[in-house]
Each structure stands twice: as structure tokens, then as C-alpha cells.
Amino acid sequence: SMELMYKNLVARCHNIMQSIGFPNITQEMKLRCRDPNSKEAGEGIMSMNGAIFREYCEKYPGVTKNFEAVKASSVKTKKSFCGQIYSLGKTLVKALYLSGGPSARLTEISSWTVANTDNNHERNVRFLRGLIAIVNTYSKSGGAGIPRDKVACFADDELSSLVATYMIV
């Protein structure tokens, strides 16, 4: 069933996070995360939560040690670490789309727009009301003089914590 697939993806995310030594951000940290309404290029969830990242590193000093150990390790170990992070990202994307429904176009499945670009400030991964949301930024009616309403599909609390941790840490 779809529910079982979703639960398995979330469990896989937890396993990867545990294997690379990254605990989830706390509920209190997550509730203080900010997603800017800014249209400045480069701004997004990651860039606006430096204080949360510093607090996370203070609460979980092993994370900093893990980063340092990987930095000082062999190329093979670095590739393995990066491979796990990449795998985590792919698994989170799958879980987000299972929880939030399909995107408007297949091209949107392959990209997380988490920061503003020089010519676009419509990020499709947003942090709203304490939860991660996938926002459908595409509309065929755009440019036809028809208002473009956005549809946001929210992830549950557990997946929101995983995604926020992935994006901030």
C-alpha cells in the first residue's frame, strides 16, 4: 500500500540519518525555523537558519566531530559519506511526493528549489506553520491574465523534521 511505502521511506531516512550521525533537530528548534518571504537571490530555508544550525551543533557536538572526521578521512570515506547524504536527499524527495501528491509536471519531481535564484523566487519547498510544504509553482494559466493560486501539500511532523534537519544541517 502507499502508506506502507511512505512509512518504509521515512524509516530509511531515519536509518541513513543515524548511520551518518545526524539526529533530528528538536521540536523547539523546528518551531523556530524561518522561511523568508524575501525575493533576494540565494535566500531560503538554509540561509536563514544559521542560529538553528549553531544551536544544533552545540546540542549535538558529535555532528561537528563527524564532519571533522570525514574531512580528514580518505577519498573513499568521503565518497561514501556524500553518497549517503545523496541517498538521503533522494529518499526524502520520494517521501515528500508520496505525502504531498504528484507534481504538476515530471520535471518538478527532480528538483527541490530551496533558495531564491537570480530570476526566480518561487521556491517549491517551503517551511510554513511548522511543517514542510511542497508548493505547486507551475500553472498553465500564468501569463494568461488569470490569477495563479498556489496549492501547498504539507508533510507530516515527522517528515518535516527530517527535511528541516537535512536542509539546515
Side-chain angles (χ1 to χ4, degrees), residues 1-36 44-103 106-115 123-137 151-169:
S1 77
M2 295 288 276
E3 183 180 1
L4 183 60
M5 273 183 16
Y6 173 75
K7 287 180 180 181
N8 286 338
L9 287 169
V10 170
R12 188 180 315 159
C13 291
H14 281 293
N15 290 339
I16 295 170
M17 295 275 285
Q18 186 176 17
S19 74
I20 59 177
F22 290 177
N24 274 351
I25 61 173
T26 66
Q27 185 69 13
E28 296 77 26
M29 287 179 202
K30 187 173 69 99
L31 292 175
R32 285 187 279 113
C33 288
R34 294 292 165 248
D35 188 352
I45 298 170
M46 295 179 291
S47 66
M48 299 303 289
N49 288 285
I52 299 293
F53 176 69
R54 287 187 295 280
E55 181 181 342
Y56 177 88
C57 289
E58 287 173 14
K59 181 168 181 64
Y60 305 111
V63 170
T64 306
K65 291 176 185 169
N66 287 349
F67 278 131
E68 292 300 322
V70 169
K71 192 173 160 181
S73 67
S74 68
V75 171
K76 183 178 178 181
T77 302
K78 288 175 185 170
K79 283 183 178 179
S80 173
F81 181 77
C82 290
Q84 288 177 302
I85 291 173
Y86 179 73
S87 179
L88 175 60
K90 286 192 320 185
T91 307
L92 286 169
V93 168
K94 292 172 190 173
L96 278 170
Y97 282 109
L98 269 181
S99 72
S103 62
L106 284 177
T107 55
E108 293 169 343
I109 288 176
S110 64
S111 75
W112 280 16
T113 309
V114 297
R123 291 174 274 130
N124 66 343
V125 178
R126 302 300 302 252
F127 190 75
L128 307 166
R129 293 183 236 142
L131 296 172
I132 292 290
I134 297 293
V135 180
N136 184 348
T137 59
V151 176
C153 298
F154 288 86
D156 62 22
D157 190 57
E158 182 177 17
L159 183 56
S160 292
S161 291
L162 286 163
V163 173
T165 302
Y166 179 79
M167 289 176 40
I168 293 170
V169 177

Heavy-atom check, side chain of [X] versus side chain of [Y], under 4.5 Å:
X: Tyr60; Y: Thr26; value: yes
X: Asn66; Y: Ile20; value: no
X: Lys94; Y: Met5; value: no

Test your reading of the model: is there a side-chain donor-acceptor pair from [X] to the backbone of [Y], 3.5 Å cut-off?
X: Ser73; Y: Val70; value: yes
X: Ser161; Y: Asp157; value: yes
X: Tyr56; Y: Pro23; value: yes
X: Lys30; Y: Gly130; value: yes

Shortest non-hydrogen contact from [X] toward [Y]:
X: Gln84; Y: Ile16; result: O-CG2, 3.5 Å
X: Tyr6; Y: Leu159; result: OH-CB, 3.4 Å
X: Thr165; Y: Asn24; result: OG1-CA, 3.4 Å
X: Ile52; Y: Met29; result: CD1-O, 3.6 Å
X: Ser160; Y: Ala155; result: OG-O, 3.6 Å
X: Leu9; Y: Ala95; result: CD1-N, 3.8 Å

Report the C-alpha separation of Glu3 and Lys7 in whole Å, then their side-chain angles, then the decisive distance to 0.1 Å, and conclude whether the salt bridge (Lys or Arg N to Asp or Glu O under 4.0 Å) test is met.
-> CA-CA 6 Å; Glu3 183 180 1; Lys7 287 180 180 181; 3.2 Å; yes
Single hit among Val169, Ile85, Leu88 for side chain to side chain contact (heavy atoms under 4.5 Å, CB included) with Met17 =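 Passing option: Leu88.
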In terms of side-chain geometry, is the basic nitrogen of Glu28 or Arg32 positioned less than 4.0 Å from the acidic oxygen of its partner?
->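 Not counted as a salt bridge, because no side-chain N and carboxylate O are separated by less than 4.0 Å.
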Under the side-chain contact (heavy atoms from CB on, under 4.5 Å) criterion, do Glu68 and Lys71 qualify, and how do the steps go?
-> CA-CA 5 Å; Glu68 292 300 322; Lys71 192 173 160 181; 4.2 Å; yes
Looking at CZ of Arg54 and CD1 of Ile168, how far apart are the two atoms once the value is rounded to the nearest 0.5 Å?
->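 If we round to the nearest 0.5 Å, Arg54:CZ and Ile168:CD1 are 11.5 Å apart.
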According to the ring-ring contact (aromatic ring centres under 6.0 Å, His included) rule, which pairs have a member within residues 65-90, sequence neighbours left out?
->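 Only Phe22-Phe67 qualify under ring-ring contact (aromatic ring centres under 6.0 Å, His included).
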For Gln18, does the CD atom sit with more than 12 other heavy atoms under 6.0 Å from it, leaving out its own atoms?
-> no
More than 12 heavy atoms of other residues, nucleotides or ligands under 6.0 Å from NZ of Lys78: is that the case?
->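 Yes, NZ of Lys78 has more than 12 neighbouring heavy atoms, counting only those of other groups under 6.0 Å.
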Check against side-chain contact (heavy atoms from CB on, under 4.5 Å), Asn8 and Arg12 = CA-CA 6 Å; Asn8 286 338; Arg12 188 180 315 159; 5.7 Å; no
